[in-house]
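One is the number of the first residue; the rest follow in order along the sequence. Remember, predicted model here, so these are calculated numbers, not experimental data.
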Amino acid sequence: MTNSHTAAPQVQAFHDKDTGTLSYVVYDHDGGMAAIIDPVLDYDAAAARTSTASADALLHFVQGKLLTVAWILETHAHADHLSAAGYLADTLKVPVAIGQGIVAVQQRFKALFGLGDEFIADGSQFDRLFADGDTFNIGGLEGRVIATPGHTDDSLTYVIGDAAFIGDTVFAADTGTARCDFPGGDAHRLFGSIQKILALPQPTRIYLCHDYPGDRRAAQAQTSIDEQKQHNVHLKGGTGEAAFVQMRQQRDASLPVPKLILPALQVNIRGGRLPEPDANGVRYLRLPLDQMGGEQ
């Protein structure tokens, strides 16, 4: 029997060009058990209209492989896309999990968006709040949770067999590492989290949460520990913590606010669900004016 700790799960990547997000179906075998990681809910910002084509592509793959989905896994509360976790959970009748740091994220953004008593910032919008070291199963595969904060409070890495799904920590080697300027972000913590990932067994397959290839190359879903150590533009040459933090803070100060941060976080702190409709049957998102970007 294959050891679940060293098993090689099947992984299918889906790249959303509009947001650069990589979603995954990870499974033990055809006809077996699966998890969906970081699904995207399509969002037309100009029209404030949602759609489910990206999530439906995941469902189509799952159905084609005759898979039973055990989990919807979020690596963190994303600021660059709306999550389809709620849609998929309702469709498949499966639990949604995220890191227990989501509670701090919810508390911060409940205040920013002026959400009322109807929004309870206790993580109850999710079915499971993972802590560092927790384990879970996907059929014959065992998953292990590593807390990897720095980009956000709630950031996790999921190690499933010989595959690690690392959220927003490192990107493709020619792109670098994740920003740390969101509320609760911290470059020192991100550096420590990256070291945890680089300390995984050398053969570990590293799966990225985002890739922004532009016209340079095809989208890259997978990297390796060796590639990150030797070629990542923010890490190569054994970059130390002080130099990394200085680079990250200077770079973050020049980055624009993510285009979808305001709609995304209102949905994602709710477990990938839209706000409840008002009495007129229409759902509304809130825009806090003069709170993001600009002079700090």
Side-chain angles (χ1 to χ4, degrees), residues 18-19 21 38-52 55 72 74-90 96-130 149-156 167-168 178-187 189-190 209 252-296:
D18 289 341
T19 65
T21 304
D38 290 336
V40 173
L41 182 69
D42 302 303
Y43 181 68
D44 179 346
R49 180 171 291 276
T50 63
S51 58
T52 61
I72 310 294
E74 295 280 18
T75 56
H76 62 293
H78 308 272
D80 49 12
H81 71 269
L82 281 65
S83 170
Y87 167 72
L88 291 173
D90 290 344
V96 179
I98 200 168
Q100 63 183 10
I102 187 63
V103 175
V105 175
Q106 288 178 324
Q107 290 169 348
R108 289 191 182 94
F109 286 100
K110 176 177 180 175
L112 176 67
F113 292 119
L115 303 179
D117 293 340
E118 74 282 356
F119 181 81
I120 301 173
D122 64 355
S124 58
Q125 298 80 1
F126 299 83
D127 301 293
R128 177 77 181 270
L129 301 184
F130 281 128
H151 173 66
T152 63
D153 285 319
D154 60 330
S155 294
L156 296 181
D168 282 10
R179 65 194 295 167
C180 301
D181 58 330
F182 298 149
D186 184 282
R189 295 180 81 192
L190 180 64
C209 188
D252 289 349
S254 70
L255 294 176
V257 174
K259 292 186 296 184
L260 296 183
I261 186 171
L262 295 176
L265 282 168
Q266 291 179 74
V267 171
N268 297 347
I269 63 174
R270 290 179 164 95
R273 300 184 185 280
L274 302 176
E276 290 296 318
D278 276 13
N280 62 1
V282 178
R283 302 175 192 271
Y284 292 93
L285 296 173
R286 299 168 66 88
L287 295 178
L289 298 178
D290 301 322
Q291 298 300 304
M292 305 295 292
E295 296 296 328
Q296 300 299 314

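- Nearest heavy-atom pair, Lys110 versus Phe119, reported as atom, atom and distance to 0.1 Å: NZ-O, 2.7 Å.
- In this structure, the separation between NE2 on His151 and CZ on Arg189 is 13.0 Å, given to the nearest 0.5 Å.
- Side-chain atoms of Thr21 and His81 form a donor-acceptor pair, as typed in the model, at a separation below 3.5 Å.
- Looking at Leu285 and Pro275, their side chains come closer than 4.5 Å, going by heavy atoms from C-beta outward.
- Around atom CG of Asp117, no more than 12 heavy atoms belonging to other residues, nucleotides or ligands sit under 6.0 Å away.
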Report the C-alpha separation of Val105 and Asn268 in whole Å, then their side-chain angles, then the decisive distance to 0.1 Å, and conclude whether the side-chain contact (heavy atoms from CB on, under 4.5 Å) test is met.
-> CA-CA 10 Å; Val105 175; Asn268 297 347; over 6 Å; no

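- In this structure Arg128 satisfies the side chain to side chain contact (heavy atoms under 4.5 Å, CB included) test together with Trp71, Ala97, Phe130, Asp134, sequence neighbours excluded.
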Working for side-chain contact (heavy atoms from CB on, under 4.5 Å), residues Ile98 and Asp154 = CA-CA 7 Å; Ile98 200 168; Asp154 60 330; 3.6 Å; yes

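- Contact between Ala77 and Ile102 at its shortest, heavy atoms only, is CB-CD1, 3.7 Å.
- Minimum heavy-atom separation, Leu129 to Asp122: CD1-O, 4.1 Å.
- Cys209 contributes atom SG, which lies 5.0 Å from atom NE2 of His78 (distance to the nearest 0.5 angstrom).
- Considering all non-hydrogen atoms of both residues, Ala85 and Ile72 come closest at CB-CG2, 3.8 Å.
- When all heavy atoms of Asp153 and Gly184 are compared, the pair lying nearest together is OD1-O, 3.4 Å.
- Among the candidates Leu41, Val267, Asp90, the single residue satisfying the side chain to side chain contact (heavy atoms under 4.5 Å, CB included) test with Arg273 is Asp90.
- Side chain of Gln106 to main chain of Arg270: no donor-acceptor pair is present (N/O by atom type, distance under 3.5 Å, no hydrogens or angles).
- When side chains are defined from C-beta on, Leu82 counts as touching Pro263, because their heavy atoms get closer than 4.5 Å.
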Take Leu112 and Met292 through the test side-chain contact (heavy atoms from CB on, under 4.5 Å) and record every step on the way to the result.
-> CA-CA 10 Å; Leu112 176 67; Met292 305 295 292; 4.1 Å; yes

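- Nearest heavy-atom pair across Leu190 and Cys180 is CD2-SG, 3.3 Å.
- Between the Gln266 side chain and the Ala264 main chain, no donor and acceptor come within less than 3.5 Å of each other.
- The side chain to side chain contact (heavy atoms under 4.5 Å, CB included) test applied to Pro258 returns Arg179, Phe182, Ile261, not counting sequence neighbours.
- Between the OG1 atom of Thr52 and the CG atom of Asp42 there is a distance of 7.5 Å, given to the nearest 0.5 Å.
- A donor-acceptor pair is defined here as one N or O able to donate and one able to accept, closer than 3.5 Å; no such pair exists between the side chain of Glu74 and the backbone of Val96.
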Before giving the answer on side-chain contact (heavy atoms from CB on, under 4.5 Å), spell out for Leu265 and Phe113 the whole-Å C-alpha distance, their side-chain angles and the decisive distance to 0.1 Å.
-> CA-CA 10 Å; Leu265 282 168; Phe113 292 119; 4.1 Å; yes

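- Counting heavy atoms of neighbouring residues, nucleotides and ligands inside a 6.0 Å radius, atom NZ of Lys259 does not exceed 12 of them.
- Rounding to the nearest 0.5 angstrom, the gap separating the CD1 atom in Ile269 from the CZ atom in Arg108 is 12.0 Å.
- To the nearest 0.5 Å, atom CG of residue Leu262 and atom CG of residue Leu287 are 6.0 Å apart.
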